[in-house]
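First listed ligand is number 1; within each ligand, the first listed atom is number 1.
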Amino acid sequence: MTRLVLGIESSCDETAAAVLVDGRRVLSSVVASQDDVHAPYGGVVPELASRRHIEVIVPVVDKALSDAGVKLGDLHGIAVTQGPGLVGSLLVGCSMAKALAWVHDLPLVGVNHLEGHIYAAFLTDDPPEHPFLALVVSGGHTALYHAAAPLTYRLVGQTRDDAAGEAFDKVAKLLGLGFPGGPIIQRTAERGDPRAIEFPLAQISDGSRDFSFSGVKTSVSQYLKRRGPLSEAQVADVAASFQAAVVKMLVRRTVRAALHVGVKRVVLTGGVAANGPLRAALAAAAGEHGIHVHIPPPRLCTDNAAMITAAGDARLAAGQRAPLTLNAVPDLALA
Ligand code: KG4
Ligand code: ZN
């Protein structure tokens with residue numbers, strides 16, 4: 001029997017819904033971005049995010065169903081992001097999912113947003129086999145998970161301060177480039193020299209597999225204060241040098257962790273995994289050690305509901321069910 005599952009994602013500033021067949025084939029995937037709402041503030045404003053989710057959640061779910069050519073009565077289950085994320089934002093998706101599950105008497109499952117990011121890798125032509133290591137790099141998280149078997153995760157390392165995406169967003173703000181910072185830094189960096197300025201990487205020498213990005217961000221801030229106003233070419237050099245430092249930290253630590261854990265497959269996912277130089281550098285460095293890197297296409301790396309539906313389908317297939325008392329958990333841990 002085939003399973004038709006509707007998934008809903010509203011953990012941060014994207015309202016998204018998708019319909020998948022058997023957790024693999026994407027019939028529809030609708031993402032309503034809120035960048036226009038938050039851009040004037042240079043970051044996500046939680047209260048405004050919840051309000052926009054409330055305004056668009058019904059049309060977004062309707063569009064996902066109509067794009068898929070599916071009616072609510074055809075579904076076999078509903079998956080929704082339960083956490084981690086902004087509580088007000090999560091609640092909108094959870095309320096919608098619970099209402100639909102109750103009215104249509106459908107099985108409901110809560111999904112961890114980070115597991116969703118990992119499941120984006122299963123929606124490609126090159127899905128990873130277990131065991132693998134997953135580097136989840138987003139606006140809120142930077143973490144390495146060892147997935148020894150389906151639905152099991154062990155935290156191998158994480159950021160001690162800022163998430164990688166947060167560092168991109170903050171440096172873009174310092175450079176006056178706009179929001180969200182990641183894609184703008186990447187575009188600006190194309191015109192700059194990544195070797196122009198050496199922004200020092202934090203040394204973590206206690207043998208852990210952790211990351212740290214606040215040092216790089218602070219050195220960019222100090223450099224900008226020292227130099228005063230920059231020309232366009234100098235801004236491009238700062239963007240390129242900053243990006244190179246972040247990429248180096250992510251790649252070095254991930255390859256080292258993969259060798260330490262002894263896996264031959266690495267998944268790179270989350271919004272920052274849309275970054276071209278990071279994708280190329282990790283694939284090259286891992287390749288030197290015979291490690292294969294699975295990277296979803298950029299539209300599946302940034303927040304979307306197809307990935308949430310894929311993870312939810314795996315949990316529904318494993319017999320998991322959430323009660324209608326399912327609640328948002330802003331700090332939900334994956335491992
Ligand atoms: O996964 P995501 O869409 O949302 C969260 O779960 O946080 O990640 C958003 C983050 C933002 O910080 C954004 O600046 C970053 O991903 N990002 C990028 C790129 N595209 C998005 N960072 C670097 N390069 C990119 N091309
Ligand atoms: Zn995300």
Side-chain angles (χ1 to χ4, degrees), residues 7-16 18 29 31-35 38-39 41-44 46 49 53 81-86 89-90 93 111-121 134-143 145 158-159 162-175 177-190 194 213 216-217 239-240 242-251 267-282 295-311 330-332 334:
I8 297 174
E9 151 67 32
S10 70
S11 66
C12 189
D13 61 340
E14 256 91 33
T15 322
S29 178
V31 181
S33 159
Q34 300 185 358
D35 285 350
H38 307 290
Y41 305 96
V44 178
H53 283 306
T81 306
Q82 187 180 8
L86 301 169
S89 290
L90 290 164
V111 173
N112 184 300
H113 181 80
L114 304 178
E115 183 174 48
H117 274 304
I118 294 171
Y119 265 80
L135 172 62
V136 184
V137 261
S138 70
H141 299 269
T142 298
Y145 295 98
Q158 61 184 326
T159 182
D162 293 349
E166 196 180 348
F168 270 97
D169 294 337
K170 286 179 179 167
V171 166
K173 200 170 179 179
L174 288 172
L175 289 171
L177 293 173
F179 172 85
I184 309 175
I185 295 254
Q186 181 179 333
R187 273 200 308 279
T188 309
E190 281 162 16
F213 299 100
V216 186
K217 180 195 65 192
F242 160 76
Q243 178 177 259
V246 172
V247 167
K248 202 174 191 181
M249 158 87 64
L250 289 170
V251 168
V267 167
L268 171 63
T269 188
V272 181
N275 186 269
L278 172 61
R279 300 164 75 91
L282 184 61
I295 319 176
R299 77 192 142 74
L300 286 174
C301 286
T302 49
D303 284 350
N304 65 86
M307 66 185 197
I308 300 301
T309 318
D331 58 353
L332 187 67
L334 182 58

Would you mind checking which non-hydrogen protein atom is closest to [atom], with the distance to 0.1 Å?
atom                    : value
atom 26 (N) of ligand 1 : Gln186 OE1, 2.9 Å
atom 7 (O) of ligand 1  : Gly139 N, 2.8 Å
atom 24 (N) of ligand 1 : Asn275 ND2, 3.0 Å
atom 20 (N) of ligand 1 : Gly271 O, 3.4 Å
atom 2 (P) of ligand 1  : Asp303 OD1, 3.3 Å
atom 23 (C) of ligand 1 : Gly182 CA, 3.4 Å

Worksheet item: Within less than 4.0 angstrom of ligand 1, does Cys12 place any heavy atom?
Response: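 Not so, Cys12 does not reach ligand 1.
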
Discussion item. Looking at ligand 1, is there an atom of it that comes within less than 4.0 Å of some heavy atom belonging to His113?
Written reply: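 Checking ligand 1 against His113, which is what was asked, there is a heavy-atom contact under 4.0 Å.
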
Practice prompt. Just to the nearest 10 degrees, tell me the angle at the Zn ion (ligand 2) spanned by His117 NE2 and Asp303 OD1.
Written response: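 Roughly 100°, rounded to 10°.
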
Worksheet item: Where's the contact between Asp169 and ligand 1, heavy-atom distance under 4.0 Å: side chain, backbone, both or neither?
Response: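 Side chain only.
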
Practice prompt. Under 4.0 Å, heavy atoms only, figure out whether ligand 1 is touched by the backbone of His141, its side chain, both or neither.
Written response: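 For His141, no heavy atom sits under 4.0 Å from ligand 1.
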
Fill in: Nearest heavy atoms of Gly270 and His117, plus distance in Å
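Here Gly270 and His117 meet closest at CA-ND1, 3.5 Å.
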
Discussion item. Gly165 versus ligand 1: do any nitrogen or oxygen atoms come within less than 3.5 Å of each other?
Written reply: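 Yes, at least one N or O pair falls under 3.5 Å.
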
Discussion item. So, of the N/O/S atoms that His113 has, which is the nearest one to the Zn ion (ligand 2)?
Written reply: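 Result: NE2.
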
Item to complete: Tell me, please, if Cys12 has any N/O/S atom, main chain or side chain, under 2.8 Å from the Zn ion (ligand 2)?
Response: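 No - counting backbone and side chain alike, Cys12 has no N, O or S atom under 2.8 Å.
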
Fill in: N/O/S atom of His141 inside 2.8 Å of the Zn ion (ligand 2), strictly under
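So His141 does not count as coordinating the Zn ion (ligand 2).
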
